[in-house]
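Each remark here refers to the structure printed beneath this line.
Numbers here simply count residues along the sequence, with the first being 1.
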Amino acid sequence: SLSAGLDLPGRFLFAFLTLMALIANLVFIEEAVYIYRKIPSSKRSIIIWVNAAAPVIATTSCIGMWIPRSTMFTDFTASVFFAIVIHKFLMMMISECGGQKLLLKRFENGHFKISTGPCCCCCLCLPPVRITRRTLFWLKLGTFQFAFLRPVFMFLSIVLWTNGNYTPYNLSPKGAAIWINCFVGVLTIIALWPVGIMFQQVRILLSCKKIIPKFALYQ
């Protein structure tokens with residue numbers, strides 16, 4: 001078994017990491033109970049989704065650590081969940097501003113600063129974009145494409161892996177891994193850009209919601 005092949009430091013490390021995963025789940029359960037008791041029903045789901053990122057990734061990582069052959073499936077679960085959480089985080093910022101209609105009314109004559117990371121943090125010459133229903137749609141589409149396409153690419157990876165055509169550590173140009181990873185990397189950058197744009201716009205408005213430390217932890 002895996003545990004029999006570990007030396008004493010290895011067993012201690014595995015036990016410590018497993019304990020950390022357990023603590024992450026216990027903290028999330030306590031948070032979920034608090035949210036159901038104190039948070040309005042209209043905001044419960046999206047906040048629970050965002051808060052669940054840590055325990056889900058910790059749990060899947062722990063399973064992959066103890067059962068190495070399950071790595072492709074645990075990575076698939078964590079990747080799909082995190083892709084959805086990125087979209088949910090953007091929607092949470094809009095929700096905390098009172099929803100799309102109130103946000104558009106509040107920033108009726110405002111502009112989005114698009115020269116922000118991770119895509120255009122060095123492109124300071126980019127002009128600001130007016131805050132309209134259309135620009136909000138494009139921001140939401142930027143995160144939604146990741147929530148939709150990353151699971152597709154991860155599913156494709158598992159299909160190729162079961163057929164023997166995909167090796168995660170084979171990064172040669174002839175292998176599928178490097179191309180899939182590159183596509184997923186581009187999709188990730190595109191998805192993080194709208195979140196950064198929205199955060200720059202609402203960080204002062206949502207300072208009472210502690211959005212800056214939340215965004216730092218999310219990053």
request  = State whether the side chain of Gln100 and the backbone N or O of Arg133 hold a donor-acceptor pair below 3.5 Å, judged by distance alone.
outcome  =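 It does not hold such a pair.
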
request  = Return yes if some donor-acceptor pair links the side-chain N/O of Gln145 with the main-chain N/O of Gly142 below 3.5 Å, else return no.
outcome  =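 Yes.
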
Find out if a path of hydrophobic residues (ILVMFWY) with successive side-chain heavy-atom gaps under 4.5 Å connects [X] to [Y].
X      : Y      : answer
Leu156 : Phe148 : yes
Met65  : Leu13  : yes
Met93  : Leu141 : no

Which pair of heavy atoms, one from [X] and one from [Y], lies closest together, and at what distance?
X      : Y      : answer
Ile46  : Lys43  : CG2-O, 3.4 Å
Thr60  : Ile57  : OG1-O, 3.0 Å
Phe107 : Ile131 : CB-CD1, 3.5 Å
Leu102 : Cys97  : CD2-O, 3.5 Å
Met92  : Val50  : SD-CG2, 4.2 Å

Donor-acceptor pairs under 3.5 angstrom involving side-chain atoms of residues 70-90: please list them, not counting sequence neighbours.
unit_1: Ser70; atom_1: OG; unit_2: Ile67; atom_2: O; d: 2.6
unit_1: Thr71; atom_1: OG1; unit_2: Pro68; atom_2: O; d: 2.6
unit_1: Thr74; atom_1: OG1; unit_2: Ser70; atom_2: O; d: 3.2
unit_1: Thr74; atom_1: OG1; unit_2: Thr71; atom_2: O; d: 2.9
unit_1: Thr77; atom_1: OG1; unit_2: Phe73; atom_2: O; d: 3.0
unit_1: Ser79; atom_1: OG; unit_2: Asp75; atom_2: O; d: 2.7
unit_1: Ser79; atom_1: OG; unit_2: Arg150; atom_2: NH2; d: 3.2
unit_1: His87; atom_1: ND1; unit_2: Thr143; atom_2: OG1; d: 2.7

ask   = So do Phe112 and Leu139 actually touch side chain to side chain, heavy atoms under 4.5 Å?
value =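 In contact.
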
Residue pair Val186 / Ile190, side-chain heavy-atom distance below 4.5 Å =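 Yes - at least one pair of side-chain heavy atoms lies under 4.5 Å apart.
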
query = Per the side-chain contact (heavy atoms from CB on, under 4.5 Å) rule, which among Glu108, Met198, Gln201 passes with Leu103?
reply =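 Among the candidates, only Met198 passes.
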
query = Could you give the distance from CD1 (Ile197) to CG (Leu192), rounded to the nearest 0.5 Å?
reply =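 Reported to 0.5 Å precision, the distance equals 11.0 Å.
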
ask   = To the nearest 0.5 Å, how far apart are CD1 in Ile189 and CZ in Phe146?
value =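 One gets 10.0 Å once the value is rounded to the nearest 0.5 Å.
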
Identify every side-chain donor-acceptor pair in residues 15-35 under 3.5 Å, counting partners at least two apart or on other chains, and give the distances.
unit_1: Thr18; atom_1: OG1; unit_2: Phe14; atom_2: O; d: 2.7
unit_1: Thr18; atom_1: OG1; unit_2: Trp66; atom_2: NE1; d: 2.8
unit_1: Asn25; atom_1: OD1; unit_2: Thr59; atom_2: OG1; d: 3.4
unit_1: Asn25; atom_1: ND2; unit_2: Ala21; atom_2: O; d: 2.8
unit_1: Asn25; atom_1: ND2; unit_2: Thr59; atom_2: OG1; d: 2.9

